[in-house]
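Here is the structure we will look at, set down as structure tokens.
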Amino acid sequence: MLDIRLFREQPDFVKEGLLKIGVAPATVDEVRGLDERVRALKTDAEAKKAQLNSANKAMGKASPEERETKRAELRAEGDAINSLDAQRAEIERELQKRLLDIPNLPHEKVPVGKDEHDNSVVRTVGTPRSFDFTPRPHWEIGEKLGILDLERGVKISGSRFYVLRGAGAALQRALITWMLDIHIEKHGYTEVYTPFVVKEECLYGTGNLPKFADNLYHDVEEDFWLVPTAEVPVTNLHRDELLEASALPLHYVAYTPCFRREKMSAGRDVRGIKRGHQFDKVEMVKLCAPESSDAELELLLDNAEDVCRALEIPYRVVLVCTGDKTFSSAITYDLELYAPASKGEEGAEWLEVSSCSNFRDFQARRANLRYRPEPGAKPEFVHTLNGSGLALPRVMIAILENYQNSDGSVTIPPVLRPYMHNRVLITA
RNA sequence: GGAGAGAUGGCUGAGUGGUCGAAAGCGGCUGCCUGCUAAGCAGUUGUAGCCCGCAAGGGCUACCAUGGGUUCGAAUCCCUUUCUCUCCGCCA
């Protein structure tokens, strides 16, 4: 959520930023109009309340007869105030609704663009391997090796679900443990294990609600929502807290499954395991002081890249443009692993395995995440960041396709072997 | 799941209709004092919003888990929800 004061004090700045992400400048004027009406009603009601309060105080000392005569009058005044308050509350709700619906302003570094074609490739690392045979897509490799069972996934849970089996399941588990270990031991993050279901208010905190409810699963009877990413529970860990400056920055890493309805992407990426309703992810989340969030993002990105480098799979870093950035993010780098056959007949593609974002105070304001810059100073909102490190299915795809051999076997990347009983090869 | 108890400021804890934004203690901060180290004395100390003022500062409003209700007036009475604790049941 954007600061309402920004609308009051720098409306043109807000309009300019919103224009870049396709939000009509008129929105700013509408918000300001609502805000002014709320404040006018509030000032009016407060003045009347002050009068009534002192009249009520006098009643305490008044004689019973005096009370009788004044009672009706005071009651009428109270009713008048209540109706002012009711009006104000309604406009305030409308204002709040509008504010919750407005995306974050883009960081000054974000290139202006319409969609993902306008994203800019920051760097490409590694060279795609050249094959002396036609590389197969992961679903063929996996099914032939008996480590991926798409059909039975569909049988037990429906489309966009799959089953990993034997070395496939072990490979994923090895990846999770290995990635956690890198971030914990090498990059200094604190591991957290969180619930995989959260309350509705957490999703408001990160910005998934109210706008993106149709991509979330939730229990119909309880206030339980399946997490679409560990970002949600971990960012909300310190919700409604006032942190000391010395506690920052906080660096967390968490493994969770992620649940997404993928309603909007019906028909996209239907082959293989690229896009499912359930997938696993290791996620890094940071809370820091505003002045260090730019630097923290670069570090976060490097921490995620470190995983790609260690896997020795070519990848590229993409700076996401204004038209493609997500609702809550101010700036996002995507990390894409090379997959030589992921598009089947059409060949290679770059698979998005990580999104590293700085949300600045956008989520912090929604989730009420504050810190005290100095002892005695006024509390301020922290900045929040997060980045995948990394998303499992697509890493699995990249490993299967990049490390495949002509006989259909798959070589296990060297860094993962200690996590797989020193196994070197996955064979049928 | 059943029965009961509870939720007050940074913490402990008093407060059952008006003088309560809330006693007291602890903690924090400021000053004073003392050669027996940490104590004594005094003062001060919640959050947010709005308004006035160049400022220092001042005023008003709201907040005693949450949301409603009763009342001229609610921390206090009634109801809802959430959470915590105790006992019972069930259980990896």
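Numbers restart at 1 for each chain; the letters A, B, ... are given by sequence-line order, proteins then strands. Small disclaimer: the values here were computed from a predicted structure and weren't measured.
Contact annotation: the side chain of A/Leu237 never approaches that of A/Leu287 to less than 4.5 Å [non-hydrogen atoms, C-beta and beyond].
Between the C1' atoms of B/rC90 and B/rA3, the separation comes to 16 Å (whole Å). For B/rU8 and B/rG67, the P atoms lie 16 Å apart once the distance is rounded to whole Å. Here the separation of B/rC11 from B/rU45, taken at their C1' atoms, is 14 Å to the nearest Å. Distance check on atom C1': B/rA55 versus B/rC72 gives 41 Å, rounded to whole Å. Using P as the reference atom, B/rA42 and B/rA38 are 22 Å apart when rounded to the nearest Å. One P atom belongs to B/rG15, the other to B/rA7, and the distance between them is 11 Å to the nearest Å. For the C1' atoms, the distance linking B/rA24 with B/rA65 amounts to 23 Å, nearest Å. Separating the C1' atom of B/rA23 from that of B/rG13 is a span of 10 Å, rounded to the nearest Å.
Applying the ring pair (Phe, Tyr, Trp, His ring centres under 6.0 Å) criterion to A/Phe362, with sequence neighbours excluded, gives A/Phe327. Here A/Lys199 pairs with A/Glu201, A/Asp223 under the side-chain contact (heavy atoms from CB on, under 4.5 Å) rule; sequence neighbours left out. Under the salt bridge (Lys or Arg N to Asp or Glu O under 4.0 Å) criterion, A/Arg93 pairs with no residue at all, not counting sequence neighbours. Taking the side-chain contact (heavy atoms from CB on, under 4.5 Å) definition, one finds that A/Ala58 meets it with nothing, sequence neighbours left out. A search for salt bridge (Lys or Arg N to Asp or Glu O under 4.0 Å) contacts involving A/Lys186 returns A/Asp306, not counting sequence neighbours. Residues forming a side-chain hydrogen bond (donor to acceptor under 3.5 Å, both in side chains) with A/Glu222 (at least two apart in sequence, or on another chain): none.
Applying the side chain to side chain donor-acceptor pair (under 3.5 Å) test to every pair with at least one member in residues 324-335 of chain A, sequence neighbours left out, gives these pairs: A/Lys109-A/Tyr333, A/Asn119-A/Asp324, A/Glu298-A/Tyr333, A/Ser329-A/Thr332, A/Thr332-A/Ser357, A/Asp334-A/Ser355. For residues 139-176 of chain A, the ring pair (Phe, Tyr, Trp, His ring centres under 6.0 Å) pairs, not counting sequence neighbours, are A/Phe161-A/His277. Residue pairs meeting the ring pair (Phe, Tyr, Trp, His ring centres under 6.0 Å) criterion with at least one member in residues 38-74 of chain A, sequence neighbours excluded, do not occur.
Put simply, A/Asn56 has no side-chain N or O that comes within less than 4.0 Å of OP1 or OP2 on B/rU71. OP1 and OP2 of B/rG73 both lie 4.0 Å or more from every side-chain N or O belonging to A/Asn53.
Pairing for B/rG25 goes to B/rC11, judged as Watson-Crick or G-U wobble with the two contacts each under 3.5 Å. In this structure, B/rC60 and B/rG49 make a Watson-Crick or G-U wobble pair, each of the two defining distances being under 3.5 angstrom. Nucleotide B/rG6 forms a pair with B/rC83, judged by Watson-Crick or G-U wobble geometry with both contacts under 3.5 Å. With a cut-off of 3.5 Å on both Watson-Crick or G-U wobble distances, the partner of B/rA74 is given as none.
The one candidate from A/Arg394, A/Glu349, A/Arg271 that meets the side chain to side chain donor-acceptor pair (under 3.5 Å) condition with A/Ser342 is A/Glu349.
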Please list each protein N or O that sits under 3.5 Å from an N or O in nucleotides 83-85 of chain B, with the distance.
none

Please write out the pairs of protein N or O atoms and N or O atoms of nucleotides 46-49 of chain B separated by less than 3.5 Å, giving the distance to one decimal.
from, atom 1, to, atom 2, distance (Å)
B/rG49, O2', A/Lys42, NZ, 3.2
B/rG49, N2, A/Glu46, OE1, 3.2

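Interface residues of residues 70-78 of chain A facing RNA chain B, ordered by number: A/Arg71, A/Leu74, A/Arg75; criterion, heavy-atom separation under 4.0 Å.
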